Amino acid sequence: MTQPSPSLTTSLDGITPEQLHGFFVDWPNPPTPETFLRLLRGSYLVVLAVNDGQVIGFVQAVSDGVLTAYIPLLEVLPAWQGRGVGRALMTRMREELRHLYAVDLGCEDHLVPFYEALGMRRGNLMCTRNYERQNGSPTG
């Protein structure tokens, strides 16, 4: 028997921290599920992949709502990778953001072919990272 396909939603209604475990694999200082939910709630748009009440993947966008958006995070739980969940999330996100002039993201080199297959093209990204703040905890 095959597992049912996850459903996609842009709503955070009813989503709890308990549904958000297992993400940020290999991050040295990952956010807690509670902080993760705050991150999602603060986004311009999120698309969640949900299976049997568990969030198994997500993509997040921040935007001015007029011209530009940036997609900082796309993640799929390891057990669900390679099944088209990430592609479905990005396809839905790009549809939701189609009214904007520019939608940008940064990614590791090995992910470039994935995003190119979705119609995105290579560009440059400049960034800084403060890993002490990676978990998103409030500053004290």
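Predicted, not measured: the structure shown is a model, and the values here were computed from it. All heavy atoms count here, side chains included; hydrogens, waters and symmetry mates do not. Residue numbers count from 1 along this sequence.
- Linking ILVMFWY residues whenever their side-chain heavy atoms come closer than 4.5 Å, directly or via other members, leaves Val62 and Val47 in distinct clusters.
- Considering every non-hydrogen atom in both Ala49 and Leu89, the closest pair reads N-CD2, 3.7 Å.
- Here the straight-line distance linking atom CG of Asp104 with atom CG of Leu125 works out to 8.5 Å at 0.5 Å rounding.
- Looking at heavy atoms from C-beta onward, Arg122 lies in side-chain contact with Val112 at the 4.5 angstrom threshold.
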Please test Arg94 against Met120 for side-chain contact (heavy atoms from CB on, under 4.5 Å), starting from the C-alpha separation and ending with a verdict. CA-CA 10 Å; Arg94 292 199 62 216; Met120 299 186 88; 4.0 Å; yes
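- The shortest distance between side-chain heavy atoms of Val55 and Ile15 falls below 4.5 Å.
- One finds no salt bridge joining Arg38 and Glu34 here, because no Lys/Arg side-chain nitrogen approaches an Asp/Glu carboxylate oxygen to under 4.0 Å.
- Smallest separation of non-hydrogen atoms from Gly53 and Gln19: O-NE2, 2.7 Å.
- Counting only distance, with no hydrogens or angles, the side chain of Arg133 and the backbone of Asn130 share no donor-acceptor pair below 3.5 Å.
- Annotation: Asp64, atom CG; neighbour count of heavy atoms from other residues, nucleotides and ligands within 6.0 Å is above 12.
- Smallest separation of non-hydrogen atoms from Ala61 and Leu97: CB-CD1, 4.0 Å.
- Under a hydrophobic clustering in which Ile, Leu, Val, Met, Phe, Trp and Tyr are joined whenever their side-chain heavy atoms come within less than 4.5 Å, directly or via other members, Val103 and Tyr70 fall into different clusters.
- Looking at Trp80 and Val85, their side chains come closer than 4.5 Å, going by heavy atoms from C-beta outward.
- In terms of modelled atom types and a separation under 3.5 Å, the side chain of Ser43 and the main chain of Val46 share no donor-acceptor contact.
- Side-chain atoms of Gln134 come within 3.5 Å of backbone N or O of Asn29 as a donor-acceptor pair.
- The minimum heavy-atom distance between Leu100 and Ser63, with the atom names listed, is CD1-OG, 3.6 Å.
- By the criterion of side-chain heavy atoms lying less than 4.5 angstrom apart, applied directly or through intervening Ile, Leu, Val, Met, Phe, Trp or Tyr residues, Ile71 is grouped together with Leu118 in one hydrophobic cluster.
- Using a 4.5 Å heavy-atom cutoff, the side chains of Pro33 and Glu18 are not in contact.
- Using a 4.5 Å heavy-atom cutoff, the side chains of Val25 and Pro78 are in contact.
- The side-chain heavy atoms of Phe58 and Leu74, taken from C-beta on, include no pair separated by under 4.5 Å.
- Arg92 contributes no side-chain N or O that, together with a main-chain N or O of Glu96, makes up a donor-acceptor pair within less than 3.5 Å.
- From Asn51, atom CG reaches atom OG of Ser5 across 8.5 Å, with rounding to the nearest 0.5 Å.
- Pairing each heavy atom of Ile56 with each of Phe23, the nearest pair is C-CZ, 3.6 Å.
- A heavy-atom distance below 4.5 Å is not found between the side chains of Leu73 and Val59.
- We find the CG-CG distance between Leu12 and Leu48 to be 5.5 Å, quoted to the nearest 0.5 Å.
- Met90 has its side chain within reach of Leu105: a pair of non-hydrogen atoms, C-beta onward, lies under 4.5 Å apart.
- The two residues Phe36 and Pro31 make their nearest non-hydrogen contact at N-CB, 4.3 Å.
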